[in-house]
Amino acid sequence: MKKGLMVLLWMMVGLSALAAEPDTLSVDTVGTKEELGLIRRTVREFDRLNDEYIEPQHYEFTVMGQITRTYESFILSSNGQQIKLAPDGLTKIGPYFGWRWFFLGYTFDIKNIGFSQSGLRKEFDLSIYSSQVGIDIFYRRTGNDYKIRDVRLGYGMNGDLFEGMPFDGVNVGITGASAYYIFNHGRFSYPAAFSQSTCQKISCGSWMAGIGFTRNTLDMDYDKLQTTLKSRMDRSQELKLDSGLMFKDIKYSDFMISGGYAYNWVFAKNWLFCASAQLALCYKSSYGEIADEKKGFSFDKVNMDGIGRFGMVYNNTRWYAGWSAILRTNNYRTSRFTANNIFGSFNAYIGYNFLLKKKYRKA
């Protein structure tokens, strides 16, 4: 991972040179000058903005420390029966490093610091921001620390019997990428709220649209679930789980088109509050064997997912601090059962920008 990070940093430095002021580069041929000029114009076009509404970033790089509190719940439903699973919330800390559009970091569970400990939740995120477009690349794996939070089995069964029971028989994974376009990018700055790379000066909003693709896995140990539930039941009671909950694993691809709206409210100098909501129309196609699932295209495979973002930040271009909250839903539905995964995080951070850009340096 360290090698990959070094390569990324060298790429960022190289791109920074291409986006620099014209007199910072020296070339020998007219053809090379024209090629570099085209690259510079292309790079700068992605950061074009109205400086009456948005204050550009004054510095090349940033470092940041962040504390994150995570939340997750996983709900399985079939024919009136429902099981809700959720781990205890985690508190994580981590360093981040940013350059212009790029923001890279890694967070650690403060109770289990390490990169490769088995059984722990793992997350990796890479975000690329500009005034017009953004790209998110993510990798997420749950751990084995789920607990049963609610059970509704019918037949007069008391669900309170199972509340808080540890259950390590489920694992959820998601790997993918998404991109979005900000229509009012000249006046509205999404990065001002969530990557602190610009400062919003006047309140403004924008519509957004995006596309994405993910690969998802859902593993369930049905036998372990049955054994766990029976351990809290009287011997005279009979456990009758619906057949829709009797599966081992599901693998599916998720193609999505999303749309939404975001608004930046500048309520005081250097202060900003942002609220953003997006709905995604998703087509989920399995690549594992799932009983009774329809083959080929079907509207039954179309689901709605969502994402909400909220944040407040103070930014005077040199120092910044604030918080953000992100909540996502990922839904899967077949003729036999539904699975709803809700996960989110609350982040508090403080950061420092450095290496002033040439045009902001005093002569």
Chemist: Are the ring centres of Y261 and W207 closer than 6.0 Å?
Modeler: yes

Chemist: Apply ring-ring contact (aromatic ring centres under 6.0 Å, His included) to F188 and Y53, showing your working.
Modeler: CA-CA 7 Å; F188 169 85; Y53 282 79; over 10 Å; no

Chemist: Checking F346 now: which residues fulfil ring-ring contact (aromatic ring centres under 6.0 Å, His included) with it, not counting sequence neighbours?
Modeler: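 Partners of F346 under the ring-ring contact (aromatic ring centres under 6.0 Å, His included) test: W323.
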
Chemist: Any chance you could measure N264, atom CG, to S203, atom OG, to the nearest 0.5 Å?
Modeler: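 If we round to the nearest 0.5 Å, N264:CG and S203:OG are 8.0 Å apart.
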
Chemist: Run the side-chain hydrogen bond (donor to acceptor under 3.5 Å, both in side chains) test against D254 and tell me which residues pass, sequence neighbours left out.
Modeler: K284

Chemist: Hey, can you tell me if Y181 and F183 have their rings parallel, tilted or perpendicular (30° and 60° cut-offs)?
Modeler: perpendicular

Chemist: If you look at every heavy atom in T68 and T70, which pair is closest and at what distance?
Modeler: CG2-CG2, 3.9 Å

Chemist: Answer yes or no: does atom CD1 of I67 have more than 12 heavy-atom neighbours from other residues, nucleotides or ligands under 6.0 Å?
Modeler: no

Chemist: So, do Y349 and Q196 sit near enough that their side-chain heavy atoms are less than 4.5 Å apart?
Modeler: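 The answer is yes, as the side chains (C-beta and beyond) meet within the 4.5 Å cut-off.
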
Chemist: Are the side chains of S276 and F310 in touch, meaning some heavy atoms are under 4.5 Å apart?
Modeler: no

Chemist: Under the ring-ring contact (aromatic ring centres under 6.0 Å, His included) criterion, do F61 and Y59 qualify, and how do the steps go?
Modeler: CA-CA 6 Å; F61 300 99; Y59 299 87; over 10 Å; no

Chemist: Please test I148 against K84 for side chain to side chain contact (heavy atoms under 4.5 Å, CB included), starting from the C-alpha separation and ending with a verdict.
Modeler: CA-CA 6 Å; I148 296 174; K84 181 179 179 180; over 6 Å; no

Chemist: About how many Å separate CG of N270 and CD of E55, when rounded to the nearest 0.5 Å?
Modeler: 9.5 Å

Chemist: Honestly curious: do Y139 and F343 fall in one hydrophobic cluster under the side-chain, below-4.5 Å linking rule?
Modeler: no

Chemist: So for atom CZ, which belongs to R318, do other residues, nucleotides or ligands contribute more than 12 heavy atoms lying within a distance under 6.0 Å?
Modeler: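 Yes, because the 6.0 Å sphere around CZ of R318 holds more than 12 heavy atoms from other groups.
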
Chemist: Side chains of F138 and S178: closer than 4.5 Å at any heavy-atom pair?
Modeler: yes

Chemist: Would you say that T217 contacts V172 through its side chain, given a criterion of any heavy-atom pair below 4.5 Å between the two side chains?
Modeler: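 No; the side chains remain at least 4.5 Å from each other.
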
Chemist: In the single-linkage hydrophobic clustering (I, L, V, M, F, W, Y; side-chain heavy atoms under 4.5 Å), do I211 and Y180 co-cluster?
Modeler: no

Chemist: Do F255 and I257 share a hydrophobic cluster (ILVMFWY, side-chain heavy atoms under 4.5 Å, transitive)?
Modeler: no

Chemist: Name all pairs fulfilling the salt bridge (Lys or Arg N to Asp or Glu O under 4.0 Å) condition that reach into residues 189-199, sequence neighbours left out, sorted by first residue then second.
Modeler: none

Chemist: Once you round to the nearest 0.5 Å, how far does CG of N303 lie from SG of C282?
Modeler: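 The SG atom of C282 is 7.0 Å from CG of N303, to the nearest 0.5 Å.
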
Chemist: Would a distance-only check, ignoring hydrogens and angles, find a side-chain to backbone donor-acceptor pair under 3.5 Å from T62 to Y352?
Modeler: yes

Chemist: List the atom of D221, the atom of K224, and the distance in Å for their closest heavy-atom pair.
Modeler: OD1-N, 3.0 Å

Chemist: Got a second to check how far I326's CD1 is from F194's CZ, nearest 0.5 Å?
Modeler: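 Here the interatomic distance stands at 6.5 Å.
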
Chemist: For the hydrophobic clusters of this structure (ILVMFWY residues joined by side-chain heavy atoms under 4.5 Å, transitively), does one cluster hold both L225 and M165?
Modeler: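 Hydrophobic grouping puts L225 with M165.
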
Chemist: Let me see the working for Y320 and Y314 under ring-ring contact (aromatic ring centres under 6.0 Å, His included), right down to the final yes or no.
Modeler: CA-CA 5 Å; Y320 57 90; Y314 171 83; 10.0 Å; no

Chemist: Considering non-hydrogen atoms only, spot the tightest contact between S253 and F213 and give its length.
Modeler: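 Here S253 and F213 meet closest at CB-CE1, 3.7 Å.
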
Chemist: Please answer: with hydrophobic residues joined when any side-chain heavy atoms are less than 4.5 Å apart, are Y332 and L85 in the same cluster?
Modeler: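 Yes; tracing contacts between hydrophobic side chains, which count when under 4.5 Å, links both residues.
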
Chemist: Taking atom CG as the centre, does L355 end up with more than 12 heavy-atom neighbours from other residues, nucleotides or ligands that are less than 6.0 angstrom away?
Modeler: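 It does: L355 CG has more than 12 such atoms within range.
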
Chemist: On a heavy-atom basis, which atom in T228 and which in P166 lie closest, and how many Å separate them?
Modeler: CG2-O, 4.0 Å

Chemist: With C199, which of I54, V266, N316, N315 fulfils side chain to side chain contact (heavy atoms under 4.5 Å, CB included)?
Modeler: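 For C199, the side chain to side chain contact (heavy atoms under 4.5 Å, CB included) test succeeds with only one of I54, V266, N316, N315, which is N315.
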
Chemist: Would a 4.5 Å heavy-atom cut-off, applied to side chains only, mark V151 and Q81 as touching?
Modeler: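 Result no, sub-4.5 Å side-chain heavy-atom pair not found.
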
Chemist: Taking 4.0 angstrom as the limit, do D136 and R309 come out as a salt bridge?
Modeler: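 Yes, charged N to carboxylate O under 4.0 Å.
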
Chemist: So do the side chains of Q66 and Y96 get within less than 4.5 Å of each other, counting heavy atoms only?
Modeler: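 Heavy-atom side-chain distance check passes, below 4.5 Å.
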
Chemist: Identify the two heavy atoms, one from A193 and one from V313, that lie closest to each other, and give their separation to 0.1 Å.
Modeler: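 Scanning both residues completely, I find the closest heavy atoms to be CA-CG1, 4.4 Å.
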
Chemist: Let's go through Y263 and F273 carefully: what are the C-alpha distance in whole Å and the side-chain angles of both, what is the deciding distance for ring-ring contact (aromatic ring centres under 6.0 Å, His included) to 0.1 Å, and is it a yes or a no?
Modeler: CA-CA 8 Å; Y263 188 80; F273 176 79; 9.5 Å; no

Chemist: Run the side chain to side chain contact (heavy atoms under 4.5 Å, CB included) test on L327 and I342 for me, step by step, so that the C-alpha distance in whole Å, both residues' side-chain angles and the decisive distance to 0.1 Å come before the verdict.
Modeler: CA-CA 7 Å; L327 185 67; I342 303 173; 3.8 Å; yes

Chemist: Is any side-chain heavy atom of H58 closer than 4.5 Å to a side-chain heavy atom of K357?
Modeler: no

Chemist: Drop me the distance from M220's CE to L76's CG, to the nearest 0.5 angstrom.
Modeler: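 One gets 4.5 Å once the value is rounded to the nearest 0.5 Å.
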
Chemist: I would like to know whether K201 and D51 meet salt bridge (Lys or Arg N to Asp or Glu O under 4.0 Å); could you show each step before the answer?
Modeler: CA-CA 9 Å; K201 297 160 69 175; D51 58 13; 5.9 Å; no

Chemist: Tell me the closest heavy-atom pair linking C204 and N184, and the distance in Å.
Modeler: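 So the minimum-distance heavy-atom pair works out to SG-ND2, 3.3 Å.
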
Chemist: Mind checking the CD-CD1 spacing from E52 to I202? Nearest 0.5 Å is all I need.
Modeler: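 Reported to 0.5 Å precision, the distance equals 7.0 Å.
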
Chemist: Going through the checks in order, is the side chain to side chain contact (heavy atoms under 4.5 Å, CB included) test met by Y190 and H185?
Modeler: CA-CA 8 Å; Y190 204 54; H185 52 266; over 6 Å; no

Chemist: Going through the checks in order, is the side-chain hydrogen bond (donor to acceptor under 3.5 Å, both in side chains) test met by S189 and T198?
Modeler: CA-CA 7 Å; S189 178; T198 60; 2.4 Å; yes

Chemist: Passes side-chain hydrogen bond (donor to acceptor under 3.5 Å, both in side chains), D305 versus N331? Steps please.
Modeler: CA-CA 6 Å; D305 291 344; N331 306 301; 3.3 Å; yes

Chemist: Could you please spell out the steps behind the side chain to side chain contact (heavy atoms under 4.5 Å, CB included) verdict for M312 and W271?
Modeler: CA-CA 7 Å; M312 186 168 69; W271 284 93; 4.3 Å; yes

Chemist: Will you find, in the side chains of Y146 and E72, an N or O donor that is under 3.5 Å from an N or O acceptor?
Modeler: yes

Chemist: Might you work through the side-chain hydrogen bond (donor to acceptor under 3.5 Å, both in side chains) test for R69 and T91, ending with a clear yes or no?
Modeler: CA-CA 5 Å; R69 181 71 175 176; T91 300; 2.8 Å; yes

Chemist: Just wondering, do E163 and R149 contact through their side chains at under 4.5 Å, heavy atoms?
Modeler: no

